[in-house]
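For ligands, and for the atoms within them, numbers begin at 1 and follow the listed sequence.
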Amino acid sequence: MIRIIEILSVRVRDAIKAATGLDADPLLRISADSRFGDYQANGIMAIAKQAKSNPRALAGQVVEKLDVADLCETPEIAGPGFINFRLKPDFLAIRLMEVKSDSVRLGISPTQNHTKVVVDFSGPNIAKQMHVGHLRSTIIGDAICRLLEFEGYDVIPQNHIGDWGLQIGMVVHAMMASTLETKTWAGASGALLSIEEVHNRIEKSPITLIELEKMYKRLSEQEKTDENLAEAVRNSVRHLQLKEPVFLAFWENARKITLKTCFELYDYLGGIFKLDDIRGESFYADRLAPVVQELKDKGIAVESDGAVCVFAPGFVSKEGNPLPLIVQKSDGAFLYATTDLAALKFRVQELGAKKIIYVTDARQELHFKMVFAVARMAGWVPEDVSLEHVTFGSVLGEDGKPFKTRSGENVKLRDLLDEAVSRAKRVVEEKNPELPEEKKNDIAAAVGIGAVKYADYSNNRTSDYVFSFDRMLAMEGNTAPYMQYAYARVKSIERKALEKGINASEELALITNITLTEPTEIELAKTLCRYDEAIYSAAYDLRPNYLTAYLYDLAGKFSAFYTQCPVLTAGPESRPSRLLLCDLTAKNIAHGLSNLLGIKVVEQM
Ligand code: ARG
């Protein structure tokens, strides 16, 4: 099915050509105010200027040549030369039959270009629990993957975890110190113990991520004042960098412990990432030196104060001096930027990405701008490959400051989600005390997690937003519980039908033609027919809030319809059509929430 706005756009373009001989974009838009129609062509004024004619007269000539009678009522000319279009109920009925015939994609065709898109998101760091700062990247990245995949792109999620470098060396040092006696490894890179024995010891002393995080923090504090310790840590970092087996064994363990906890959260959030999608900084470790060498060979990187830097044109400091992207420090160490350059090269040259999307907060904007510029200078990114940094604002507490615990720490993502689920559980207990415990828990998980995700999605991605459990769990307004309730309500109609002895699925199967007469029926049908437009704009701008806004609008249109139009008590001339409107509304909400946003729906709340 082609989007309605596309069909109209082509028809108006043809009419413009017939009237003026010009091939021009009619600038078709969805009307902001439905009283004036469903779509409007805004391009006539500009074309009239070009053709040196009167815009209103030109609009009239275009309308004369227009052939849209199968879709729309007679188009109307408004203001200085806008053309307004209103869809015909008969056309909506035909479209809805197409939606009905495809319960998987709801009649929406995938794009024909199966471009490979890498989406880089989440990116937690080893030995650290994920906190609220990781929420947005993780779930916005996931929604982007889902949207693009549905649109037909070949999506490759990449989780660029921080699992290499100085900090990880420290983590490894701390773990070794707590597991092995110092003399067995300090300075001797573990030579006194067999690798089997090392694995054995690691296995015998399991640690949690929380302990790991504490160990790391303690060490980094102690190291500041203890030069001997600092030297020992530097040694460990070096040993790890050289991939000595004992050090690698601890590194692997730290990674395993961290990823286990991350995946518990990813699963909790709705099955984000497969193990294969984890390709962290360590993966690029051996590619860093060659990357720097290549930049030097190409004359792009230069030595500056002992460090290796790239001065990309256009980047200057506040004082107006050229701003370097440092790719190797004077002590030989590589940096975050070096890894990102290696990753970019890998993604284009080996994964075959035609587009790479990075989802991080806005603070990394300059970093990515410079990395992109340097990669292009190096010739690693052909012109037809696009690089996009998708940023987002901060999550704020009710006081308008960055969201922190009372003691001023970052809020752990786990605690946040647990709290949301337990609050949702209280609501379920109150509303439906008679449900079996297991059911209550399922609903609470769907509503609690759904509320956190939906609240994030429904805000404009680039703005900060205030995190409020009360608001996100409210049953009114543009919230997950409201949408989930809307779904459950539609589904309850089917159940009620059965109780009344009406076999809804049989009636639906027999429908060959939908009748739409009541204004609220027509409005609901129209909204259902425009789901593809909402998905397209959300995927095009990478903004999930376009989709939540659509779903909220749909729920509102359904409510109006359901208040105005009896369904189960309607006569045989309208009942099947109304049952179908209910069925398609349920399918649409479920598809939007669950397939595209990864938010579970429940049959009952
Ligand atoms: N680990 C990074 C951080 O915590 C995020 C990684 C983002 N992706 C990237 N390719 N740099 O900020």
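- Taking the side chain to side chain donor-acceptor pair (under 3.5 Å) definition, one finds that Arg363 meets it with Asp361, sequence neighbours left out.
- Around atom CD of Glu149, more than 12 heavy atoms belonging to other residues, nucleotides or ligands sit under 6.0 Å away.
- Below 30°, between 30° and 60°, or above 60°: for Phe467 and Phe403 the angle between ring planes is below 30°, a parallel geometry.
- Atom NZ of Lys256 has 12 or fewer heavy atoms from other residues, nucleotides or ligands within 6.0 Å.
- For a heavy-atom separation below 4.0 Å, the residues in contact with ligand 1 are Asp120, Gly123, Asn125, His160, Tyr336, Asp340, Tyr358, Thr360, Gln364, Phe368.
- Pairs engaging residues 407-417 under the salt bridge (Lys or Arg N to Asp or Glu O under 4.0 Å) rule: Arg414-Asp418 [sequence neighbours left out].
- Listed by chain and number, the residues in a side chain to side chain donor-acceptor pair (under 3.5 Å) with Tyr536 amount to none (sequence neighbours excluded).
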